[in-house]
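Written below as structure tokens is the structure these notes are about.
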Amino acid sequence: MRQVEQADWFKFRSVDFSQLDSLERCLDEFARRTLDGVLIRQVYPAEYMREISARIERHEPPFPIFPWTVPPAVARKNKHLYGITLVAADHCLPEYFNVAEGFRSHCHELFRDGADYEERMKSIFSVLSGGRPVSLPRSPDGQGYMPATIRILPTGATIELHCDNNLSHHPSYAHLKTVCDVNNQLSFFLTLNAPGAGGELVVYERRWSDNDDAPSEYVVSKDSSMVEDREWISIKPQPGDMILFAGGRIYHRVAATQGASPRYTIGGFLANGLDGKSLYYWS
Ligand SMILES: O=C(O)CCC(=O)C(=O)O
């Protein structure tokens, strides 16, 4: 395994939140493909992340738990989400938008005594884009998309190999495709709790190609044979650190969580508006 600094195929920068200005306009570099990932350390203090994680553990506020086809106690034993992703909503977009509205107010409540999560993400994206307006996409009838999902990986849970450009094949992306450039989307997440071992983000040298997907086929995860002979590196952001990377075009996965402490992250995706001016974030 290589350290992130040693991989010339993964162009990476790491800065403290206090030096955020040094990343001004770095989204242009992502667009030119001269940058693949940035780690912004201590976007929130680690101590505050412990408090947020304790609230998540207590399920306070009571976010909807996905999957909801099984009882919550069963869902909680495996990988689960607070909130729902656009692809998981499948053909039930009214439900997605309902959940989104509730999620936003629960999320304000979760961060009630610190910097508001959405506001902090928007202010970071604004700097990274050189001051472009940052918005949540809205459905044709004005409903807001999910701003993020909270991902919970108990012991042994993983996020399997995928590349997020594949998401846009899903029918539920039909409207979003008319708003922003989903084929160059970036992924971001803030680490709330890191497990003692495991839970690293693993990124592969292999880049996405349209030919990797059966015509317009969305799949939850890709076969690991696609990357078995490829170089890879792993990155483990600590609580309070936020990572933004070119997850749309770089194959990646999350390694199995080990030990009693679960992995909690909150995040989503970011893309340029087709109007050439705005930036949009969603999950
Ligand atoms: O660790 C996470 O929260 C998700 C990482 C990931 O697979 C993604 O952002 O696409």
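Just follow the structure's listing: the first ligand is 1, and inside any ligand the first atom is 1.
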Just distance, no hydrogens or angles: give the donor-acceptor pairs under 3.5 Å from side chains in residues 120-128, sequence neighbours left out.
residue, atom, partner, partner atom, Å
Arg120, NH1, Val43, O, 2.8
Ser123, OG, Glu119, O, 3.4
Ser123, OG, Arg120, O, 2.9

Task: Check against side chain to side chain contact (heavy atoms under 4.5 Å, CB included), Asn184 and Arg33 - done: CA-CA 10 Å; Asn184 284 298; Arg33 307 198 172 175; 3.0 Å; yes

Open item on the list: Please list the nearest protein heavy atom to atom 8 (C) of ligand 1 with its residue and the distance rounded to 0.1 Å.
Closed with: His252 NE2, 3.5 Å

TODO: Ignoring hydrogens, just give me the one of Arg263, Arg151, His162 whose non-hydrogen atom is nearest atom 7 (O) of ligand 1.
DONE: His162

Open item on the list: As an exercise, identify every atom of ligand 1 less than 4.0 angstrom from a heavy atom of Thr265.
Closed with: 1 (O), 2 (C), 3 (O)

Task: Passing candidate, ring pair (Phe, Tyr, Trp, His ring centres under 6.0 Å) with Trp282, options Phe103, Phe97, Phe269, Tyr145 - done: Phe269

Check residues 187-197 and write down every donor-acceptor pair under 3.5 Å in which the side-chain atom is one partner and the other belongs to a residue at least two apart or another chain.
residue, atom, partner, partner atom, Å
Ser187, OG, Asp164, OD2, 2.8
Asn193, ND2, Ser261, OG, 2.9
Asn193, ND2, Pro262, O, 2.7

Open item on the list: Can you tell me which portion of Ile266 lies within the under-4.0 Å heavy-atom range of ligand 1? Options are side chain, backbone, both, or neither.
Closed with: neither

